[in-house]
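Only one structure is covered here, and it is reproduced in the block below.
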2 protein chains.
Amino acid sequence: MNTKQQIVAYSADMLRTRGFNGFSYLDISRELGITKASVHHHFPKKQDLGLALCEWTEEWLVQGFKHFEEHGISEWDKLQRYARAATKHCLSEQMMCPISALHGDLNKLPLEMQQALQVLDNIELDWVSRVLQAGIDAGEFKAADDPRGLASVFIFSCKGALYYARLHGKELFHQTMQQFEKLIKE
Amino acid sequence: MNTKQQIVAYSADMLRTRGFNGFSYLDISRELGITKASVHHHFPKKQDLGLALCEWTEEWLVQGFKHFEEHGISEWDKLQRYARAATKHCLSEQMMCPISALHGDLNKLPLEMQQALQVLDNIELDWVSRVLQAGIDAGEFKAADDPRGLASVFIFSCKGALYYARLHGKELFHQTMQQFEKLIKE
DNA sequence: GTCTATACACCGATAGAC
DNA sequence: GTCTATCGGTGTATAGAC
């Protein structure tokens with residue numbers, strides 16, 4: 001992994017633990033054993049780093065969705081894989097989801113990052129909506145007239161549980177997911 | 001309203017739009033037409049201001065719950081009043097919920113504030129759980145074995161929708177609440 | 001209770017040498 | 001690609017006069 005990739009990787013961790021304005025070029029330089037100026041060489045402005053983090057997140061989402069979609073499994077299993085990925089990549093490290101982290105700093109983000117965030121949200125909402133719709137069509141979930149609204153309930157439950165679990169413990173995440181399952185089935 | 005109250009009132013707005021680390025004593029001093037040093041006179045350290053904001057939020061919650069509990073109305077109506085208060089106090093001003101704002105900055109908050117936040121969470125979870133349980137007992141909502149997990153789904157849907165509405169528009173909030181209603185009834 | 005003045009650490013950012 | 005050195009701005013916080 002080259003320096004540029006290391007910067008993005010460490011920044012992605014910091015984004016998820018402290019928010020976009022919660023870490024600095026100095027933090028990065030200390031972690032990598034280089035100077036601030038060297039970090040600026042790779043990402044001249046922090047906005048450049050921010051957009052790279054948005055790309056990193058998009059790749060993270062797209063690669064994840066690809067893995068959740070194994071042929072032959074139920075639609076609920078796909079959502080469970082999504083939740084398990086959240087457990088592995090966020091919950092276990094006491095991190096938030098990177099999208100939530102960006103939303104928290106929304107009013108202090110440059111416009112380009114706000115637009116990139118909107119794209120990320122839609123990628124996630126589209127995927128979850130599609131899975132939910134497929135589950136409804138297959139009779140796996142209760143009928144719903146607005147799959148996108150339903151997707152919102154699922155996504156917000158998941159992300160909110162990651163937030164709260166940092167303070168109240170990981171069990172809260174699993175409880176929340178379990179209750180959503182009972183709501184949507186039968 | 002005296003200066004101290006004005007500081008808290010303005011800080012509460014800033015907390016909900018920019019997060020706890022997203023505003024400074026300089027911001028407050030400019031808004032009130034006094035100097036930074038005068039703000040420090042009322043709240044020597046920012047942590048002092050932060051704890052005052054937690055108290056303000058607790059009062060905001062408790063007063064709200066009192067108003068939502070009118071005798072004779074349905075349990076769902078109580079939750080709707082909760083959502084309407086969120087609309088009035090947060091959504092209409094493009095603000096997040098103050099509790100969400102604090103969660104976003106969690107890892108940068110002093111320990112006393114983290115503990116105060118935990119108390120706030122529990123006050124809210126207790127109230128929503130109690131209303132949900134009453135609704136289940138009355139046959140108004142579907143049975144659920146874990147009212148607190150169910151309360152999490154509701155609260156996270158509500159708070160997440162406030163987050164996303166800042167970027168995607170207010171309609172998302174109402175769509176999300178509507179879908180939760182359909183999930184929990186029948 | 002408010003002011004001026006100041007301290008010190010950190011922030012993002014740039015110039016220029018190697 | 002990394003370094004030293006530096007810039008202006010901002011953050012929390014304090015001392016001391018009025």
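Just so it is clear: chains get the letters A, B, ... in the order the sequence lines come, proteins before strands, and each one is counted from 1.
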(request) Please work out if B:K45 contacts a base, only the sugar-phosphate, or nothing of the nucleic acid, heavy-atom cut-off 4.0 Å. (result)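 Sugar-phosphate contact only - B:K45 comes under 4.0 Å of backbone atoms but never of a base.
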
(message) Base, sugar-phosphate or nothing for B:F43? Non-hydrogen atoms, less than 4.0 Å.
(response)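 Result for B:F43 = nothing.
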
(message) Can you tell me how the ring of B:W76 sits relative to the ring of B:F180, calling it parallel under 30°, perpendicular over 60° and tilted otherwise?
(response)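 Judged by the thresholds at 30° and 60°, the geometry between B:W76 and B:F180 is parallel.
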
(message) Using 30° and 60° as the class boundaries, would you call the ring planes of B:F65 and B:F68 parallel, tilted or perpendicular?
(response)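 Perpendicular.
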
Carboxylate-amine/guanidinium proximity below 4.0 Å for [X] and [Y]:
| X | Y | value |
| --- | --- | --- |
| A:R148 | A:D126 | yes |
| B:E69 | B:K78 | yes |
| B:D145 | A:K182 | yes |

If I take atom [atom1] in residue [X] and atom [atom2] in nucleotide [N], what distance separates them, rounded to the nearest angstrom?
| X | N | atom1 | atom2 | result |
| --- | --- | --- | --- | --- |
| B:D27 | D:dG9 | CG | C1' | 14 Å |
| B:H40 | D:dA15 | NE2 | P | 12 Å |
| B:M113 | D:dT12 | CE | P | 12 Å |
| A:K36 | C:dA9 | NZ | P | 14 Å |
| B:Y25 | D:dT14 | OH | P | 10 Å |
| B:F23 | D:dT12 | CZ | C1' | 13 Å |
| B:L32 | C:dT2 | CG | P | 9 Å |
| B:K4 | C:dT2 | NZ | P | 12 Å |

Taking only side-chain N and O atoms of [X], does any of them lie within less than 4.0 angstrom of OP1 or OP2 on [N]?
| X | N | answer |
| --- | --- | --- |
| A:S24 | C:dC10 | no |
| A:S38 | D:dG1 | no |
| B:T3 | C:dG1 | no |
| A:H41 | C:dA13 | no |

(message) Heavy-atom nearest nucleotide on DNA chain C for A:L26 versus B:H42: which residue maps closer to 5'?
(response)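 Going by which nucleotide is closer to the 5' end, it is B:H42.
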
(request) Can you figure out which of D:dT12, C:dT2, D:dT4 approaches the side chain of B:I34 most closely? (result)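 Of the options given, the side chain of B:I34 lies nearest C:dT2.
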
